Amino acid sequence: MNTKTMEGLVGARTNMELLNTPFRVFKEARRKGDTETMKRAMGYVNDFSDKAQEYKEEADVGMEEDAKAAREREKSEREKAIEQRREEREELEARTEEDKNAEKDAEKASNKTANKATDTVEVSEDGKVLLKQNVDAEHTDFEQSPSVNPQSVTGSEPVTYTAVGTVCPPAQTPTISVSV
């Protein structure tokens with residue numbers, strides 16, 4: 001509360017209370033018929049009334065200043081709140097952008113990992129010859145095995161199966177895929 005407001009309210013109240021005394025004297029002088037005392041008492045009543053009115057005006061000015069200061073305070077608090085919300089929104093947008101970038105980086109890394117996960121191995125010509133020799137040797141060992149019926153073996157060529165389980169044509173070169 002502004003000092004002008006407090007001073008005005010206290011002064012107005014005090015002068016209104018002080019007004020009661022000369023007014024009581026006026027009433028008593030009127031009963032007695034003493035006009036001189038009545039005039040003097042009415043002069044005091046008018047003085048106290050005028051002072052009470054001045055203090056009331058001072059209180060009104062103080063209250064206007066209080067209201068103006070309160071509006072300014074409210075406006076500055078509102079601006080601070082707006083600025084704080086703006087900063088929070090910018091921070092949230094930055095975090096959202098970081099999350100998007102992190103997701104993109106993780107996605108790229110997973111794509112790279114997925115690309116690296118499937119490696120292909122090519123067998124050299126020497127390796128193909130060795131493979132052919134080993135398969136032929138195992139096949140002949142298999143046919144000569146006493147527990148295997150030679151009529152159940154279909155063909156003398158080695159057979160390669162795909163991942164689905166179908167037989168690859170023999171013209172296709174063998175490839176080996178390794179997944180990590």
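The structure presented is a predicted model; accordingly, all values stated were derived computationally and were not measured. For the single chain, residues carry numbers from 1 onward in sequence order.
The pair E83-R86 meets the salt-bridge criterion, since a charged nitrogen lies less than 4.0 angstrom from a carboxylate oxygen. A salt bridge between E125 and K128 is present, with a side-chain N of the basic residue lying under 4.0 Å from a carboxylate O of the acidic one.
More than 12 heavy atoms of other shown residues, nucleotides or ligands fall within 6.0 angstrom of atom CD in E93. Sparse packing is recorded around OH of Y55, with 12 or fewer heavy atoms of other residues, nucleotides or ligands lying under 6.0 Å away.
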Checklist entry - Stepwise, does the salt bridge (Lys or Arg N to Asp or Glu O under 4.0 Å) test hold for E28 with K32? => result CA-CA 6 Å; E28 192 175 314; K32 290 181 183 178; 3.6 Å; yes
Item to check | Trace of the side-chain contact (heavy atoms from CB on, under 4.5 Å) decision for E88 with E91 | outcome: CA-CA 5 Å; E88 288 174 357; E91 184 178 311; 5.6 Å; no
Item to check | From CA spacing to verdict: side-chain contact (heavy atoms from CB on, under 4.5 Å), D47, K51 | outcome: CA-CA 6 Å; D47 287 343; K51 284 185 182 177; 5.6 Å; no
Checklist entry - Between R71 and E74, does a salt bridge (Lys or Arg N to Asp or Glu O under 4.0 Å) hold up when you go through it step by step? => result CA-CA 5 Å; R71 281 191 301 268; E74 185 178 311; over 6 Å; no
Item to check | Full working for side-chain contact (heavy atoms from CB on, under 4.5 Å) between L18 and N15 | outcome: CA-CA 5 Å; L18 290 175; N15 281 299; 4.2 Å; yes
Next on the checklist: Between D99 and R95, is the salt bridge (Lys or Arg N to Asp or Glu O under 4.0 Å) condition met? List the steps.
Outcome noted: CA-CA 6 Å; D99 290 346; R95 270 193 267 141; over 6 Å; no
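Side-chain heavy atoms closer than 4.5 Å link hydrophobic residues (I, L, V, M, F, W, Y) into clusters, and following such links, possibly through other members, connects M16 to V45. Both M42 and Y44 are members of a single hydrophobic cluster when ILVMFWY side chains are connected at heavy-atom separations under 4.5 Å. The same ILVMFWY cluster, assembled from side-chain heavy atoms under 4.5 Å apart, contains both M38 and L19.
Nearest approach of K4 to G62, heavy atoms of both residues: CB-CA, 3.9 Å. Across all non-hydrogen atoms, the minimal contact from A41 to P22 is CB-O, 3.4 Å.
Distance CG/D126 to CG/L131: 12.5 Å, rounded to 0.5 Å. Separating the CD atom in E58 from the CG atom in L9 is a distance of 9.5 Å, to the nearest 0.5 Å. To the nearest 0.5 angstrom, D66 atom CG is 8.0 Å from R73 atom CZ.
Checked options E72, E77, R78; the residue passing with K75 is R78 (criterion: side chain to side chain contact (heavy atoms under 4.5 Å, CB included)).
Two residues are said to be in side-chain contact when any heavy atoms from C-beta on lie closer than 4.5 Å; K27 and R24 fail this criterion.
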